[in-house]
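In what follows, a single structure is set out as structure tokens and then discussed.
For the numbers below, each heavy atom of this structure counts, side chains included, while hydrogens, waters and symmetry mates do not. So you know, we letter chains A, B, ... as the sequences are listed, proteins then strands, and number each from 1.
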Amino acid sequence: MEHIEQKYLEIKQKLFDKVYQSLNEKQRDAVFTVNDPLLVLAGAGSGKTTVLVRRIAFIIRYGNAYYSEYIPYGVDERRVAELENALTLPTSEIEEFILPQFASDACAPYRILAITFTNKAANEIKERLSKMFPDDEATASEIVTGTFHSVCVRILRRHGDRMGYRDGFTIYDTDDTKKAMLEAMRRCSIDEKLLPVKGVMNAISRAKDSLLTPDLFAMEAGGDFRKKQISRVYETYQMLLRESNALDFDDLIMQTVLLLKNHEDVRKSYQQRFRYVCVDEFQDTNIAQLQLTVLLSGFYQNLMVVGDDDQSIYKFRGATIENILSFDRTFPNAKVIKLEQNYRSTQTILDAANAVIAHNAGRKGKTLWTAQGDGAKIQQICCDDQNAEARQIIDTVNRAVAKKEATYRDFAILYRTNAQAQSIEKAFARAAVPYRVIGGTRFSDRKEIRDAVAYLQLINNHDDNLRLRRIINEPRRKIGDKTLEAIATIAAEQNCSQFEVIATADRYTALDRSRNTLLQFASLIEGLTEAAKTVAPDVLFDMMLDRSGYRQMLIDAGAEEAERLENLDEFKSGILEFMKENEEPTLTGFLEETALVADVDRYDESADAVVLMTVHSAKGLEFPNVFLPGMEDGLFPGMQTVTAGEAEMEEERRLAYVAITRAKKQLYILHTRSRLLYGQTMYNPISRFVSEIPSSLIEKKEDPYAMKTAPRGTFGVATGAYNTYRGAMAGGNVYGQRGAEAPITQKRTYYSERNPANDITVGKPLTTPKKDTAKTAFRPGDRVKHMTFGTGEILSAKPMGADILYEIIFDRVGTKKLMATYAKLTKL
DNA sequence: ATGGGGCTGCTTTTT
DNA sequence: GCAGCCCCAT
């Protein structure tokens, strides 16, 4: 009988293997390993999300079927032979008729929790899960999927009262946080010049990541003066948030952890609910997030984490790579599975990535491979400056598109810093190549949007002092700092909210002068609050704009502020969309989404345009062709990194690894001899990360635009320069001097049009110079300056079509005839 | 209270 | 190179 049972279990596994044959062996193992802690080290492009999604579906359908040693009653030779026969059936039939028989302790979907970092990832998982259950909508929607922050908000909305938060609490974003922090520093009489807010914000944010309360922080500070100062700010800041019934992003996680830690009944209810917990991008978690997942999975201990230690690039915002590196020490019974087969890139690209990352010491160690073959070599192109670099990219794109080898969307330009986007963007606009810039200033960062949100937030939560201050004088109501200070003082004395003081302004002599405006403002907000109870969010939004006078203010400003009105319209369509997607669209719900959902999610992969973004934002994405401009020491790795320690360099190297592994077919590495960035010219050697790539994988190319005067830059020479600069860099002086000659601003030879619907910008060359040429026209006798010819005097000006032909006598080079459009003249 | 002009500073970023 | 912010003048 022993033998038969053994055979039964073997054939059962074979049947599962067959149905899941589209996965590789490691992926299958990850899907079938359902119980106990599991760490999946998923290399770039190794099918991580597929594993995550199929594993959840597996748990719902079959539970622990694969590894369960359960033998059902009545297993005999005949039954085993029957199953052996089933192996020859088509997989769809095995899946439909045979596998369900093995289901063992299958799990209800609402008892599974999947946590991600971004909304984008959460949505992708949701979508792919609903495809796993095509004829059963309910199942996929019951699975609890969300970001760390949204999961915590859901918990806090239910049990926040235990932590002293009232219903309808507000979430502060980074900007709000900064404002509150400044206020806290002011109250502690700490000079912003002596202790910059940026540093304080960072310190407090890191403290919350590590679950340090103000008390604990103060204890840790010891005698350290700076830390003691920060500790005071932290305490005051926390008090301000409490008064406003608000939480910042870090609080959402930390307060949830504290809630679960300190309230056994709440903890137990969640622990017993969640039989399975999955965490994506585990390498990006901080201490608080690790604690959260440990607490939530604390009862069943079925915690699966997926991540890639080599793609940990968020240390600067608190991620601790140790979480993933020591997962198997934290959970000694954890199983570890490495996914190293890559389905994205050519072997050439993978070899390059492997070679670079091999220089890091702090890693688990993985080597990516593919069955797809070597593919094309990596192109390494040296250019004169950032403009030549941009032209190189454009030429390459245009050539491929003209030959119909690719479309615009097949190309991505990934850079280290957002500032690099500028010169590339300009060149794209001028060349009329459609492009999109992802990241940078966000829609929701615009003043009018923030103002509108602040109004809605205040309507939703009258205690929100920060938002109150933001909009009380917007539009102008003649309420300035003096009045606001008086209000704050009274609120502190009366121990009530600032809004309450405003609503009862007639009681305080200090508010005599602005009494009427304040009462009016209070009744405006109260009226809207009343309306919010009955009216849909979009209607409320319009009422708010009209009654507050905000809309009128923009209309009065005329053409200058027309764009702001358009943006408010776009915001309203966002409200409408939210109402469509939610059965019970409440104001609180909408505000929550606005606070927790960034508009980067608007990146639409189907739009046909070249995409520009930072390497950080490109994580998780892939493109057939990838350009990496600015691969230079001093830029990537950045200056700070070069002078900092080895840990920082390793993080930067992981970033390079992420950059390289975005490419599917072709990778272009670009660097320049000189570069104008932040108004300074710098001369950088090629990035050390490029020299870590075996030269056999690279094809080197000189920029054909290279100026004749440039030193014939053979790469041998470049290598020499590399060492020189490396030495110079230790001294910390690679950047050119400040005040290097500013280039004369070029007249625009294009105008660009951005389509707000898809964010694609297409530049259009100006065929007929606009009238303003005539306005800036020069008259005979005018002294002018030309970029190359120097100073001179206009002799004559003849209109030529829409252009003007000047005859100019230059001080140095004599008489020249020049067309106004091309001459780039400036008046002296 | 408000608006304009000079000065500083400046990786990376999601929530 | 440019944006954001502080200070000063109105």
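Atom CG in A/Leu621 sits about 13 Å away from atom P in B/dT13, given to the nearest Å. Regarding A/Gln420, its CD atom lies at a distance of 14 Å from the C1' atom of B/dC10, rounded to whole Å. Distance A/Arg675 CZ to B/dT11 P: 16 Å, rounded to the nearest Å. Going from atom CG of A/Asp481 over to atom C1' of C/dC5 covers 14 Å, rounded to whole Å. Counting to the nearest Å, the C1' atom of C/dC2 and the CD atom of A/Glu425 are 14 Å from each other. We find that CE of A/Met649 is positioned 13 Å from C1' of B/dT11, with the value rounded to whole Å. Nucleotide B/dC10 holds its P atom 16 Å from the CE atom of A/Met682, rounded to whole Å. A straight line from CG of A/Asn286 to C1' of B/dT14 spans 12 Å, rounded to a whole angstrom.
Between A/Asp309 and A/Arg363 there is no salt bridge, since no side-chain nitrogen of the basic residue lies less than 4.0 Å from a carboxylate oxygen of the acidic one. Between A/Asp280 and A/Lys48 there is a salt bridge, since a side-chain N of the basic residue sits under 4.0 Å from a carboxylate O of the acidic one.
Applying the side-chain hydrogen bond (donor to acceptor under 3.5 Å, both in side chains) test to A/Arg157 and every residue at least two apart in sequence or in another chain returns A/Glu592. Take A/Thr49 and apply the side chain to side chain contact (heavy atoms under 4.5 Å, CB included) test, not counting sequence neighbours, and it matches A/Val53, A/Glu124, A/Ile125, A/Arg128. Every side chain to side chain contact (heavy atoms under 4.5 Å, CB included) that A/Ala454 has, sequence neighbours left out, goes to A/Arg467, A/Arg470, A/Ile471.
Residue A/Phe316 places its side chain closer to B/dT13 than to any other of B/dT13, C/dG1, C/dC6. In this structure, the nucleotide among C/dC5, B/dT11, B/dT15 sitting nearest to the side chain of A/Lys178 is C/dC5. Among the nucleotides C/dC7, B/dT15, B/dT11, the one closest to the side chain of A/Phe249 is B/dT15. Out of B/dA1, B/dT13, B/dT15, the shortest distance to the side chain of A/Lys482 is found at B/dA1. Taking only side-chain atoms of A/Asn473, from C-beta outward, the nucleotide of B/dT13, B/dT2, B/dT15 with the closest atom is B/dT2. Comparing B/dT14, B/dT13, B/dT11 by their closest approach to the side chain of A/Glu652 singles out B/dT11. Side-chain proximity of A/Glu192 to the nucleotides B/dT11, B/dT14, C/dC6 is greatest for C/dC6. Of the candidate nucleotides B/dT11, C/dC7, B/dT14, C/dC7 has the atom nearest to the side chain of A/Lys193.
Aromatic ring orientation, A/His616 versus A/Tyr314: tilted (interplanar angle from 30° to 60°).
Using a 4.0 Å heavy-atom criterion, one finds that A/Phe148 contacts no nucleic acid atom at all. A/Thr483 comes within 4.0 angstrom of the backbone, heavy atoms only, and of no base. Across all strands shown, A/Gln422 has heavy atoms under 4.0 Å from sugar-phosphate atoms exclusively, and none from any base. Using a 4.0 Å heavy-atom cutoff across all strands shown, A/Lys315 reaches no nucleic acid atom at all.
Exactly one residue among A/Leu290, A/Leu211, A/Thr293 makes a side-chain contact (heavy atoms from CB on, under 4.5 Å) with A/Val257. That residue is A/Leu211.
Along DNA chain B, the nucleotide closest to A/Val615 and the one closest to A/Lys478 are compared, and the more 5′ of them pairs with A/Lys478. Summary of the strand contacts: A/Ile479 and A/Leu655 both lie near DNA chain B, and taking for each the nucleotide with the nearest heavy atom, the more 5' one is attributed to A/Ile479.
B/dT13 and C/dG4: their P atoms are spaced 16 Å apart (whole Å).
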Can you name the atoms? Protein N/O to nucleotides 3-7 of chain B N/O, anything below 3.5 Å, with the distance.
| unit_1 | atom_1 | unit_2 | atom_2 | d |
| --- | --- | --- | --- | --- |
| B/dG3 | OP2 | A/Arg476 | NH1 | 3.3 |

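With A/Phe428 as the aromatic partner, A/Arg436 does not meet the cation-pi criteria of under 6.0 angstrom to the ring centre and within 45 degrees of the ring axis.
Scanning atom types as modelled, one donor and one acceptor separated by under 3.5 angstrom connect the side chain of A/Thr174 and the base of B/dT15.
The shortest distance between the side-chain N/O atoms of A/Asn418 and the OP1/OP2 oxygens of B/dT11 is not below 4.0 Å. Taking only side-chain nitrogens and oxygens, A/Tyr415 never comes nearer than 4.0 Å to OP1 or OP2 of B/dT12. At the phosphate of B/dT13, neither OP1 nor OP2 sits under 4.0 Å from any side-chain N or O atom of A/Lys120. At C/dG1, none of the side-chain N or O atoms of A/Gln680 fall inside 4.0 Å of OP1 or OP2 (strictly under the cut-off). A/Thr641 has no side-chain polar atom (N or O) that falls below the 4.0 Å cut-off from OP1 or OP2 of B/dT11.
In this structure, A/Phe117 does not pack face-to-face on the six-membered ring of B/dT15, missing the 5.5 Å centre cutoff or the 30° plane limit.
Under the salt bridge (Lys or Arg N to Asp or Glu O under 4.0 Å) criterion, no residue pair touches residues 313-322 of chain A, with sequence neighbours excluded.
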All N/O donor-acceptor pairs, side-chain side in residues 655-662 of chain A, below 3.5 Å, sequence neighbours left out:
| unit_1 | atom_1 | unit_2 | atom_2 | d |
| --- | --- | --- | --- | --- |
| A/Thr661 | OG1 | A/Tyr657 | O | 2.8 |
| A/Thr661 | OG1 | A/Val658 | O | 3.1 |
| A/Arg662 | NE | A/Val658 | O | 2.8 |
| A/Arg662 | NH1 | A/Leu621 | O | 2.9 |
| A/Arg662 | NH2 | A/Gln311 | OE1 | 3.3 |

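B/dT12 adopts an anti glycosidic conformation, its chi angle falling more than 90° from 0.
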